[in-house]
Number of protein chains: 2
Amino acid sequence: MSDKPVFKQAQPGRAVEDVSLQIEAAIMGGMFLPGDKLPSERELQVQFGTGRGVIREALRILKQKDLVEVKKGSRGGAFVKEADVANASASLSLFLKQKKIDPEQLIVFRESIDKTITMLAVAQGSAEEKNRLYEKSLEFKALISEENLNMDLIGETDRMLNTLLAKMSKNPLFVWIMQAIQLGFSSYDYALYEEDHYRRLTVNNWIDTAREIKNGEIMKALSYVGYHYSLLRKCINEKNGESIDKETRCLTIEE
Amino acid sequence: MSDKPVFKQAQPGRAVEDVSLQIEAAIMGGMFLPGDKLPSERELQVQFGTGRGVIREALRILKQKDLVEVKKGSRGGAFVKEADVANASASLSLFLKQKKIDPEQLIVFRESIDKTITMLAVAQGSAEEKNRLYEKSLEFKALISEENLNMDLIGETDRMLNTLLAKMSKNPLFVWIMQAIQLGFSSYDYALYEEDHYRRLTVNNWIDTAREIKNGEIMKALSYVGYHYSLLRKCINEKNGESIDKETRCLTIEE
DNA sequence: TTCCTGTAATGGTACTACCATAGTCGCCGC
DNA sequence: GCGGCGACTATGGTAGTACCATTACAGGAA
């Protein structure tokens, strides 16, 4: 009983935070490795000298932080999870939903990230990955040429291409930020796929971008990425332009 | 009793998630505005038809998401909070701590963000902000010229300058990502301030950067930003060159 | 062997009681 | 009349118990 970590007794008034932090520290400190099972709630209750409610709330925090995963039944319990970008992405997503971010600000942010990723992808991506990206973009064109458009599949394909691109940067931070953006910002992006005109331009632009990445033409690839966001700006302006005209920006894309 | 929002009765087995999601939806839907007080735990317990423990765990989730703030005592309760970047930043910070990110990847990520912010700051920042940034950088130089160096204050000043710069982009997303980076990655950055040689170079570089931003010289400013990260890379290499332990290649991302 | 059932461990929920805290309000003394 | 102090009360925080639901596992039956 007393041979194990022996957590400190929690002090009243902030017992939940106390317990939560101690367990988190133990996980971070390597006392529990991914896949390990924490003691059962009833045992932690004894080790910390608290009620079971405190333990449950503390575990709820850790679960919310995506540090542990809880299973029911015999041999169940709280298991330490592998670190994942999903939770951090969800947090940004929540933030984006709460604050009403100006679409233009989101576009600026995303465009800068996208261009950096593109540069890195050209430099770091393997030939295989580049070919794969190009093939997928060609499949994308076939997808929107079908009779009955599957909008869900189209959105998923767009996300897939972006994720593919982000992974080619070989930098998990960009993969994370791309996921976060897709979670919190996707609705704007899909505007491009709603109308036939923009849909064709966008998909063709994906192909152009992928091709230049494959060919190692950084500047051309960046140019196409810029064109993507020019399209997006114009598309969104058109949709909003029905009611508001005065603040339409002068990005002017002539095709 | 039935005149109010009347949450749906929670279904057993996942009552906590049920309650949490319903309350979150109510907040998102504008049923509760920032500053509003949610019903007391004992009242929610009745409205949802659950035990109080379920309500407490659900509120714990919302608190963890930074959606509500809980006060004790009479007239206490759960109050809806204003959306803030702090929580999302903390999530990224946690992610960075869990995954041992390669230092070079962090530098690449941060450098790209920093350069984008710099460009936006030149374009969007007001003259007043630019002057303020420049003055603060000059004060920074005075700070490191003193007899007894206050390392905490130096670190704080560096953070302050970065935050100032991020705000000049007029884009909350960059402010957020800068906060997140500073939370999860700051101790690493401070390597530049540990040794006198790099400290002087870095601070002088801050002044150069701020001056060029003030003068609207985008390319020069970007050049100085690039120099900052050249310094950081060299500094890190030197430090690892001495006491590299081949397994301690992980930067010290601890808190 | 295979399948089924009982059993035990564990999380999920309900309920109660009590403590700690912090506003509120009214009583008391001046 | 005024000010301060103390009781009151609503509310979150914690402890403890009991019971239900789920799941893995062992041991027996076919």
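Nearer the 5' end of DNA chain D, as judged by each residue's closest nucleotide, is the contact made by Gly51(A), out of Lys72(A) and Gly51(A). Both Glu57(A) and Ser74(A) lie near DNA chain D, and the one whose nearest nucleotide falls closer to the 5' end is Glu57(A).
For Val54(B), counting side-chain heavy atoms from C-beta on, the closest listed nucleotide (dT13(C), dG11(C), dT24(C)) is dT13(C). Here the side chain of Thr50(B) is nearest to one of dA14(C), dG12(D), dA9(C), namely dA14(C). Here the side chain of Glu41(A) is nearest to one of dG13(D), dT24(C), dG12(C), namely dG12(C). Nearest to the side-chain atoms of Val70(A) among the listed nucleotides dG12(C), dT13(C), dT11(D) stands dG12(C).
For the pair Gln45(B) CD and dA14(C) P, the computed distance is 9 Å after rounding to whole Å. Summarising the geometry, the separation between CG on Leu44(A) and C1' on dT14(D) is reported as 17 Å, rounded to the nearest angstrom. The separation between Phe48(A) atom CZ and dA15(D) atom C1' is 16 Å, rounded to whole Å. Rounded to an integer number of Å, the gap from Lys71(A) NZ to dT22(D) C1' is 14 Å.
Contact record, Asp66(B) with Lys81(B): OD1-NZ, 3.2 Å, taken as the closest heavy-atom pair. Closest heavy-atom contact between Phe174(A) and Ser112(B): CZ-OG, 3.5 Å.
Counting distance only, with no hydrogens placed and no angle test, the side-chain atoms of Arg52(B) and the base atoms of dG13(D) include a donor-acceptor pair under 3.5 Å. Taking 3.5 Å as the limit, the base of dG12(D) and the side chain of Arg42(B) contain a donor-acceptor pair of atoms between them.
The closest side-chain heavy-atom distance from Trp206(A) to Asp158(A) is below 4.5 Å.
When the side-chain nitrogen and oxygen atoms of Arg56(A) are compared with OP1 and OP2 of dG11(C), none of them lie within a distance under 4.0 Å.
Nucleic acid contact class of Gly53(A) (heavy atoms, under 4.0 Å, all strands): none.
Checked by atom type, the side-chain pair Ser126(B)/Glu129(B) shows a donor-acceptor distance below 3.5 Å.
Applying the salt bridge (Lys or Arg N to Asp or Glu O under 4.0 Å) test to pairs two or more places apart or on separate chains, none has a residue in residues 28-37 of chain B.
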